[in-house]
Structures are given as C-alpha cells and as structure tokens.
Amino acid sequence: MCGIVAYVGPKDAAPILLEGLQRLEYRGYDSAGLAVVNSRSLKTRKVKGRVADLASVVPARFKGTLGIGHTRWATHGVPSDVNAHPHLDIEERIAVVHNGIIENADELRSRLETDGAVFSSETDTEVLAHLIGRTVKETDSLEEAVRKALNSVVGTYGIAVVDAQRPGEIVVARNGSPIVLGIGEKEMFAASDVAALIRYTRQVVHLEDGELAVLKADGFHTFTSDARETAKEPFTVDWDAGHYDNGGYEHYLLKEISEQPDTVARTLRGRIDDRFHIAHLGGLNMDARETRSFRRVKIIGCGSAYYSGQIGAQLIEELARIPADAEPASEFRYRSPVVEPDTLYVAISQSGETYDTLAAVQELKRKGGRVLGIVNTVGSAIARECDGGVYLHAGPEVSVASTKAFTSTAVAFALLALHLGRVRDMSPADGRRICEGLRRLPEQIKEILTMEEQIRALAIKYAEAPGMMFVGRVRGYPVAREGAQKLKEISYVHAEAYPASELKHGPLALISADLPTVAVVPDDELLDKNLTTLGEIRARHGRILMVGHRTADAADDCVVVPKNENELDPILLTIPLQLFAYHAAVALGRDVDKPRNLAKSVTVE
Ligand code: AGP
C-alpha cells in the first residue's frame, strides 16, 4: 500500500527519503516520487516503477534539507509518472503526498475547476494540493491551510505537505491512514510506517485520527482538526533496523518462516505460570470476575488474521468452553452487528493498521463493546483503539504474506484460551497439559523446518498443477484455509479450501487426476473420518498430499510432523504448508515477497 516519508533537519533530505522509501517497498506500490524545498522553490522527481528507478532520476546534487517522499499504490488513475506523488498546486508552491482515498474528490475537483484550477493528474490527491494552495494564500499559515482544507474533505488520509515559501516546516495529518513521527537530534521525520525511520530514530509518536502535526528541525507540535493543541508522549520502538534485514535469506518470507521457533518462543516468554498452570496476560486489563462474565467470544480480523482467528475460536471453545466464532472484520463492520455486553470481542492484526479491522473495532467501541487486540505492531492504531490485548512480539513482518504473525497469533489464542479456561472450569491437569504443549512448540517447529528439502521437492512436484484443493476437518479446516491462502497469494496457483466434511456436498465434482488435494489430517478423534475422505478422493483419481502425523495408503505423498496436544496441533500443521507455498512460488518464478496486486497492510477500504 502507499508509503510516506518526510524529513526536516540539517542534512540533505533526498538520500534519507530514498532510503525510507526503500524500507517501505515491502508494502507494495507501483510508482514513487519525492519533493525537496530549496531556495524557496520545489524540486520534484516522480516515476512509474520502483524506488531504484526514482533514485536513478534524482541528480547527485539535489539540495534541500526538507522534503517528502511517497510510494503509490494506484487507486484513482493508472500507475504513471504523472499520477505518482507528490502533487503540486497550480503555482507549484505546495507539494502533497497522500495515502488513503478522498471520497468527495470529484465534487471538489469540479468546484476547483470552475474557479480556474487546471489538473495534471487523475488522482484524488491533486485536489488536496490545489485546495491547500488556495487556502495558504488566505491564511499565510501552512498549518491553518492544511487544517482548513482537510475540513472540506471526506475520506481517509495520511498526508505530508510542504510549502516552498516555508522551508523550515512540514505539516502532516492523519485520518484512517497511519502517520508516525520520528524524533531525532535536531531533526524530525514522519512516515506511514516506523520501518521508514527506524534507521534514524526509535523515539516515535503516533498521530490519532483527526490529528495534525507541524514538524520543524527542533521539534513538533500536534493539534486537532478543530485547532485544539494535543499532548503526545513519545515512546521507544523495541525493533531496530536489523529486524528489517533479510538476514542472508533469499527472501524475507523464508527468513520469517525460519524465525518461527524464536518468534513463537517470544510470544510465550514470561506468560506461562507453571505453578498454577495458567497464562499471565497482563495487557488484558480485566480482573477474574470480569473475565468470567463473558458468555461468548467473537473474533474479527482480515485474511490470514481471520484464519488464525478461526484457530483461536476453536481453542477457546475447546479449552474454555465458551462459544466462540471468527468472522472477517471486513464483513462484520458493514452488517450493523448486534453488540452484546456479555460478549468479548477480539480483533487480530499483524500491522495494527488494517483499515477494515480498525473500522470494525471503532464500530464495536461506539456500541460499547469490550474489545481486546491481538496485535504485532506495538502502538499501532488497532492496539491503541482496543481496551487491552496481547502483543505478539514476533518482530516486524516484512514479506507481504503473513507467516510468523499467523503462528504467533494462534499461540496468543492458546494463551488466551488457557487464561479464560483456568478462571472457569478447566482443570489444573488440563492446564498443565496445555502449558507443557506450548513449551514444546519451538523445538517441534525447528524439527519441521529440517524437513524443508522434502517439502521443496513436493512443492516442485505439485507446482505445475492448474489448481489445488485444500481440505481439513474442524481443527484442520483453518489450517487448510491458511494453506490455500498462502499458495494462492504467492504462487498465483488457484487454491480452494473446504471443510473435508463438505466435500461430498458439492466440490467432490471437481476432483480428478488434474486437481490434487492437500489434506490436513491430524491424529485426533476425527482421524478415521479424514481417512475415509482420502479414500473418496482417491476413488476419483485425485492425487493427495497429506500433512499429518502418520502416513496413509490413500495418499500419494505424506508430510509427517511432530505431534503435540490435539488442540495445539494446528499451529504445527501450518508450517509445512507455508514452506510448500514458498517453494511452489519460487519454482514458478514468482515475486515471493511482493506478490502482484497485494499490499502488506491494507489501509484503504
Ligand atoms: C496474509 O498473508 C495476507 N497478506 C493478508 O491476508 C493479511 O493477513 C491481512 O491483510 C490482515 O493484515 P493484518 O494482520 O496486518 O491486519
């Protein structure tokens, strides 16, 4: 998704902006640009293509100690040099970079055109540049001009604005699209993601929706859209630049898959109490009485976060015996959900910035719902919006496809289920069983990672299939869904996931020698049922790759993973499917870390 970087300080801005934009590449984009202010004039460069293409058109001497940069992911208008940001007003005094969507852009554009404005791009952002350009002449204050212009805008935005006539300040604003300020030594940064500024500072401030900030080299101040000053406390990000390196791996995705013994251990660290066999989750902000009062759990998230929520719902029902279900946040927010006081809502997000999930949380809060967040990014919008929650501590996830955040979320749910269960009727013996199972996970993940060569060979064998079916029953079903999601998003092979029990109610018609099936078959009480399903597929000449805890005659190939407790097995069964998707994508020559059409965090509707 689009990315923003801004800098004001004593150094030349362009190299810092380019470096920051490179750090945002993982989010997905199609064009890039920057503007710097020098001698009271704007210098801009923008191109369709990669940040490296932009760097090649920025001259070595591109002086200016204040500037803004952008990576664009097209919404209004095709990817092109002209549509790339920054956009300027008619006098080329104001430059704007923008993430988000201005919903009333057409109406504003017609009004501005009637007043004589001439537009050079198809973007909604250019409307902002013209609006601010007009207002700044009336107010002679950039912060006032931006504030007033934004008051006539409907939509979502994270923006950074510079005025050639004010070479010492940048104005940024947020509404639905993240903006984070970075505080340096006599220099200030702003970005849409801490990744862009982490090399320069770890002291950050997150803007809230409806908040603006003026950045100068020696500091910043923040205020609301109705001009009230706000007070912000900086906090220190506990990730550093090293977390964003690929660590010598060919792809971030493989690095992130391989990190999972550590990331799972970090999610667990300090949270298991062996004396009472309970989980310590300090961030929930709920006492035992309140924890007991919930009669339902509703989990929301998007994409893979939603599938990990399905694993979570299963864990909570099984371990805590509280009815639980998961739903895509992107659907939930639009269906005017009934919000009940005795339901605990749990929102999941790796980035903490997914707009659909954030909007769903805001809707829940507006209706008085109690919302916990299971979030990876500390201080992110969703984390701030929730009443409490569990941080994953999985470190930054750079590859567009989620892997380590998925497993850490499932682990966080196991802890939450243990916690909810042990304040209710879960026995100490069951508590101990789950605690011990959780402790075994990192070593078992290591063991699965040693099977990479076998899985790679299987991925190469199956990668040429025109499509694949993924099936699983109950605990295995979310694993199958996530396996299909990984395969389709990074290899572009069509993959469809079904509950194994549903196969004979329709999709069995698809099964033939041309459509292989990945079957998730844990050794649990449903093993026999699953083996019967394999037989049914086999009888239709379907090829089967089984992922489970044993081999089976009906399967052509088997990946046998270590067994844990039944409830925790889905976490381990996911890992071979990540490796399978990764190696299929590599075999097919795909852009593994930045699959086409996708963005790392979806901050638009
Ligand atoms: C995962 O592989 C996907 N790229 C995507 O489904 C992702 O999980 C989803 O967009 C939610 O993102 P979030 O966890 O940052 O909210």
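Note that the coordinates shown come from a computational prediction; the quantities given were computed from them, not determined experimentally. Only heavy atoms go into these numbers, but all of them, side chains included; no hydrogens, no water, no symmetry mates. First listed ligand is number 1; within each ligand, the first listed atom is number 1.
For atom 11 (C) of ligand 1, the nearest protein heavy atom (residue, atom name, distance) is Cys302 O, 3.2 Å.
Here is the list of ligand 1 atoms found below 4.0 Å of a heavy atom in Gln350: 13 (P), 14 (O), 15 (O), 16 (O). Ligand-side atoms of ligand 1 in range of Ser402: 1 (C), 2 (O), range being under 4.0 angstrom from any heavy atom. Atoms of ligand 1 lying under 4.0 Å from any heavy atom of Ala305, numbered from 1 in the order shown and given with element: 8 (O), 14 (O). Annotation for ligand 1: atoms under 4.0 Å from non-hydrogen atoms of Ser351 are 13 (P), 15 (O), 16 (O).
Other residues, nucleotides and ligands contribute over 12 non-hydrogen atoms within 6.0 Å of the CD atom of Glu103. For Tyr391, the OH atom counts as densely surrounded, since its 6.0 Å shell holds more than 12 non-hydrogen atoms of other residues, nucleotides or ligands.
Under a 4.0 angstrom heavy-atom cut-off, Lys486 registers as being in contact with ligand 1.
The closest side-chain donor-acceptor pair between Glu25 and Tyr29 falls under 3.5 angstrom. Of the N and O atoms on the side chains of Tyr306 and Arg481, at least one donor lies less than 3.5 Å from an acceptor on the other residue. A donor-acceptor contact closer than 3.5 angstrom is absent between the side chains of Gln260 and Thr403.
Considering only residues two or more places apart in sequence or on other chains, Glu482 meets the salt bridge (charged side-chain N to carboxylate O under 4.0 Å, His left out) condition with Lys486.
Residue-level proximity to ligand 1 for Gln485 is carried by the side chain, the only part with a heavy atom below 4.0 angstrom.
For atom 1 (C) of ligand 1, the candidate residues are Gly303, Ser304, Ala405; the nearest heavy-atom contact is made by Ser304. Looking at Val400, Ile348, Thr354 and measuring to atom 16 (O) of ligand 1, the nearest heavy atom belongs to Thr354. Distances from atom 2 (O) of ligand 1 to the heavy atoms of Gln578, Glu489, Lys488 show the closest one on Glu489.
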Worked check of side-chain hydrogen bond (donor to acceptor under 3.5 Å, both in side chains) between Asn564 and Gln444: CA-CA 8 Å; Asn564 197 302; Gln444 290 180 313; 2.7 Å; yes
